[in-house]
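Single-structure report; data block below.
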Amino acid sequence: MKNYPYYEVDTIESIKDMISNSVKKYGDKDAMLIKKKKGEPYTHITYKQLDKDVEALGTAFLDLNLSGKKVALMSETRYEWYISYLGAVNGESIIVPIDKELPPQDWKHLLKIAKVSAVVYSNKFSEEMLKAKEEVETLEYLINMDIEESTEDELSVWELVKKGYEKTENGDTRFKDVEIDVNEARILLFTSGTTAMSKGVLHCHRAIAKNLMNMCKMTFIGEKDIFLSVLPIHHTYECTCGFLAPLFRGCTIAQCEGLKSILKNISEAKPTMILGVPAIFEVMYKRIWATAKKNGIESKLKFALKLSNGLRKIGIDIRRKLFKQVIDNFGGNLRLLISGAAAINPEVSKGFEDMGIAFLQGYGITECAPLVALNRDKFYKHDSAGYPCVGMEVKVVNADDEGVGELICTGPNVMLGYYENEEATNEVLKDGWFYTGDLAYIDDDGFIHITGRKKNVIIASNGKNVFPEELETFLNEDPSILESMVYQDGEDIAAIIVPNFDYIKESNKDATKEDIEKIINEIVDALNKRNPLYKYIRKVEIRETELIKTTTKKIKRYEVIKK
């Protein structure tokens, strides 16, 4: 890495260290742009204000005797989530983020098995939370983000904050005086559970701190950056990389009001960076070309790309000027997109880069807090999941004749283990190495290429491995296909395909069901012709509704097959 030195970052030992350090360096700068109510202008929150609110709420948590107890969090991305997380984890509690999209029976089950003592939540969950209080034996406090005053059944977050301020302003320093044991389990994260009930992953402050430092050495983010927070905040990818990392580096986090509001919030916040998943960026990229086509400038855009790429070969870079209109449609300041959770089509990532917006892909997993690898801003490959993060060692074991095997890793951000599940822990943690369950190969330059999940691999009749994700990528490249899922059906390879009905009807508004089936079958036939026989898709099922997914847009494969 001699030609690509790492960026210098501050040394931190814990999340509490990180916040304290950032408040000292960036105190009067905006830490957050939040929406108090949907549709209202952004409210500016400085680092100093954030710190005071966290201290007040953290002090209130101590008053509730939540030391050593678990505090769960369940809501959309909002300011109350942020301060509750920091107030718990930087005090004496164990934080337990919960997926707000789970059905009540599932999140109640998680509260029960985690032995949660308090839950902080938004008002939409109030009715079910009152029922949960009767069902979860350990549950002492229900804390509502939206009520102004506490009731007999629910405490108000903001009333707790007010009471905390009364204490801190009168000299109560208990929260600030809390000393963090950086190696103690203080964060309990539940995996997305795409195939079964999720497992609880235990992390300590040290793991998060190391991950923050090491990822920020890889790619530059700085105090002039504005992050638009788009992904579900409970997920470790967004929590570590889209919440804690920006605060570590002095950035401003702008709250997104929801996926339908992305473009509106982009125009308001004018972000420089967006952390997302392939589904979001693919929609953004398709929108660029759809707009160009609608305005009759598609050929001009193609020519501009050809011209720009030619000039770059001789050291002339005019992308930000040449594609100013495209960049202006995304707020005017967008400089970097970072994708994770699944592989992105390299055509999309390169397409954004060719228009002057850098695009990097990373690879992470909840058990690693989460980042294992990241493409760097000056050292990257569009078809790779990234280069191992500083401090991480990776290797492939049990490789086949093409060099593909299970990816394993070791480093300071690997989990402590699964919560109350020694058997599952021992299955994946062996001699200090974490077995990811992902299949991959590492190229000659050290970049990781993920080929699929070990549990999803299809064994063909000739014994060869077929990776469904690879076939899905090729299928999804065709604009007539919205999404697809490839799986093994007996001895055959099968595919469930959701057509892009809007796209198909743009060119043939009278397209019948039979016409659409013919289009899809022709795409499958074309894919088969480019592949060896053992990779042929033999069965095709066309569905009209989108496939079932997790909140990070991963297809729930086994649920889709059962449906």
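Starting from 1, each residue takes its place in the sequence as its number. Note that these values count all heavy atoms, side chains included, but never hydrogens, waters or copies made by symmetry. Predicted model only: the values in this text are computed from it and were never measured.
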- [ ] Evaluate the ring planes of Tyr85 and Phe243, with Trp represented by its six-membered ring, and classify them as parallel (under 30°), tilted (30 to 60°) or perpendicular (over 60°).
- [x]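 Ring orientation of Tyr85 relative to Phe243: perpendicular.
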Taking the side chain as every heavy atom from C-beta outward, state whether [X] and [Y] have any atom pair closer than 4.5 Å.
X: His382; Y: Gln361; value: no
X: Leu527; Y: Leu475; value: yes
X: Ile262; Y: Ile280; value: yes
X: Asp10; Y: Met213; value: no
X: Met355; Y: Ile288; value: yes

Open item on the list: Assess the residue pair Phe359 and Asn375 against the criterion (side chain to side chain contact (heavy atoms under 4.5 Å, CB included)); give the C-alpha distance rounded to whole Å, side-chain angles, the decisive distance to 0.1 Å, and a yes or no.
Closed with: CA-CA 9 Å; Phe359 195 109; Asn375 275 287; over 6 Å; no
Grab the two heavy atoms, one from [X] and one from [Y], that are nearest each other, plus how far apart they are.
X: Met74; Y: Ile98; answer: SD-CG2, 3.5 Å
X: Phe248; Y: Cys216; answer: CD2-SG, 3.9 Å
X: Val89; Y: Arg186; answer: O-NH2, 3.2 Å

Task: salt bridge (Lys or Arg N to Asp or Glu O under 4.0 Å) involving Arg206 - partner list, sequence neighbours excluded - done: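 Residues passing salt bridge (Lys or Arg N to Asp or Glu O under 4.0 Å) with Arg206: none at all.
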Task: Test salt bridge (Lys or Arg N to Asp or Glu O under 4.0 Å) applied to Asp17 - qualifying residues, sequence neighbours left out - done: none
State, without any angle test, whether [X] and [Y] hold a side-chain donor-acceptor pair at a distance under 3.5 Å.
X: Thr451; Y: Glu469; result: no
X: Asn500; Y: Ser480; result: no
X: Tyr7; Y: Asp377; result: yes
X: Tyr285; Y: Trp289; result: yes
X: Asp225; Y: Thr272; result: yes

Open item on the list: Out of the candidates Tyr363, Tyr6, Phe447, only one should pair with Tyr387 under the ring-ring contact (aromatic ring centres under 6.0 Å, His included) rule; please name it.
Closed with: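 With Tyr387 as partner, Tyr363, Tyr6, Phe447 yield a single ring-ring contact (aromatic ring centres under 6.0 Å, His included), made by Phe447.
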